[in-house]
Amino acid sequence: MNQNENGVANVFCIANQKGGVGKTTTAINLAAALVARRKRVLLVDLDPQGNATMGSGVDKNRSEANLYQVLLGEATVQAVCKRSESGGYDVVPANRELSGADIDLVEMDERERQLKLALDSVLEAYDYILIDCPPALSLLTLNGLACAQGVIIPMQCEYFALEGLSDLVNTIKRVHRNINPALRLIGLLRVMFDTRVTLQQQVSAQIESHFGDKVFQTIVPRNVRLAEAPSHGVPGTVYDRGSRGAKAYIDFGDELVRRVKREALVARARTPGVKTV
Ligand code: ADP
Ligand code: MG
């Protein structure tokens with residue numbers, strides 16, 4: 001099974017309101033890892049920095065239209081979508097134009113549902129749609145959360161990592177209650193991990209005891225090949241397949257697919273009259 005129980009794409013946000021915690025690296029490498037699993041993947045760049053776009057080998061300043069026009073209802077996802085040749089997935093590009101969207105959207109009806117409206121028409125064309133969120137709990141992020149079934153939170157195991165996490169978890173709960181009842185926390189992914197640092201091990205253990213099975217087993221190590229790959233416009237998993245970072249993201253893709261499948265079976269088993277096989 002590729003798509004979710006409704007026969008449409010699994011839509012996941014990669015979110016954390018802190019910057020530089022590995023959201024974009026996770027979005028790009030997870031997209032490529034899912035492609036390696038023969039999944040059809042769309043990566044939506046919801047960050048005006050356009051790093052997911054560039055890191056996928058798509059020039060953020062060359063396309064006539066991007067996510068900004070899509071959110072304002074002036075272009076369709078199909079029209080602005082570009083192929084990442086290096087990653088094997090499609091990209092909805094973004095650039096600094098998108099930073100105006102937060103203000104422009106405020107004026108619109110259903111301002112937090114514009115991305116959902118836009119993605120509705122491509123839900124059947126993909127198995128996974130990944131949304132790389134900006135480092136803020138802004139209206140842009142809200143648009144991401146409003147159309148996703150799940151949130152993946154990459155985090156570094158550092159002293160302040162847990163600080164701010166409660167704001168994000170509370171935002172997810174609020175969106176779940178008021179805008180999007182399908183939204184849930186899929187899991188926390190420990191990234192840029194350095195086993196030699198005792199503090200990181202301590203924080204990692206703290207995260208496990210606090211969030212239990214919401215923590216992914218896969219841990220992404222700090223690995224220079226993952227950091228080099230974006231400047232070549234290639235996902236780390238493709239740039240150096242044998243690197244420890246690439247292997248971790250491939251494992252993460254597998255773990256995510258297993259988790260999604262398991263949760264779908266549990267959900268079906270809970271629905272009366274629906275068989276689980
Ligand atoms: P965010 O999207 O949350 O701002 P990025 O994914 O852009 O974070 O990562 C921030 C910086 O850290 C980037 O320079 C990126 O290349 C680097 N980086 C991310 N993950 C790793 C890793 N596992 N090992 C080494 N460098 C990493
Ligand atoms: Mg980013």
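Counting convention: from 1, in listed order, for ligands and their atoms alike.
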> Can you list, by chain and residue number, every protein residue with a non-hydrogen atom closer than 4.0 Å to ligand 1?
Replying inline: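 Within 4.0 Å of ligand 1, protein side: Gly19, Gly20, Val21, Gly22, Lys23, Thr24, Thr25, Met192, Val220, Pro221, Arg222, Asn223, Leu226, Ala227.
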
Could you pull out all donor-acceptor pairs under 3.5 Å where a side-chain atom in residues 145-159 meets a protein atom, sequence neighbours excluded?
residue: Gln149; atom: OE1; partner: Asn4; partner atom: ND2; Å: 3.4
residue: Gln149; atom: OE1; partner: Val11; partner atom: N; Å: 3.2
residue: Gln149; atom: NE2; partner: Ala9; partner atom: O; Å: 3.4

>> So, taking the atom named OG1 in Thr198 and the one named CD in Gln202, what distance separates them when rounded to the nearest 0.5 Å?
In response: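 Thr198 atom OG1 to Gln202 atom CD measures 6.5 Å (nearest 0.5 Å).
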
Any donor-acceptor pair under 3.5 Å linking the side chain of [X] with the backbone of [Y]?
X      : Y      : result
Lys39  : Val257 : no
Gln200 : Thr195 : no
Asp47  : Pro135 : no
Gln114 : Asn143 : no
Asp90  : Leu42  : no

> So which protein N/O/S atoms does the Mg ion (ligand 2) have within less than 2.8 Å?
Replying inline: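 The answer is Thr24 OG1.
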
> Could you give all pairs that pass the salt bridge (charged side-chain N to carboxylate O under 4.0 Å, His left out) test and reach residues 223-233, with sequence neighbours left out?
Replying inline: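 Pairs touching residues 223-233 that pass the test: Arg225-Glu228, Arg225-Asp240.
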
> Any ion pair linking Glu208 and Arg190 (charged N to carboxylate O, less than 4.0 Å)?
Replying inline: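 Yes, this pair counts.
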
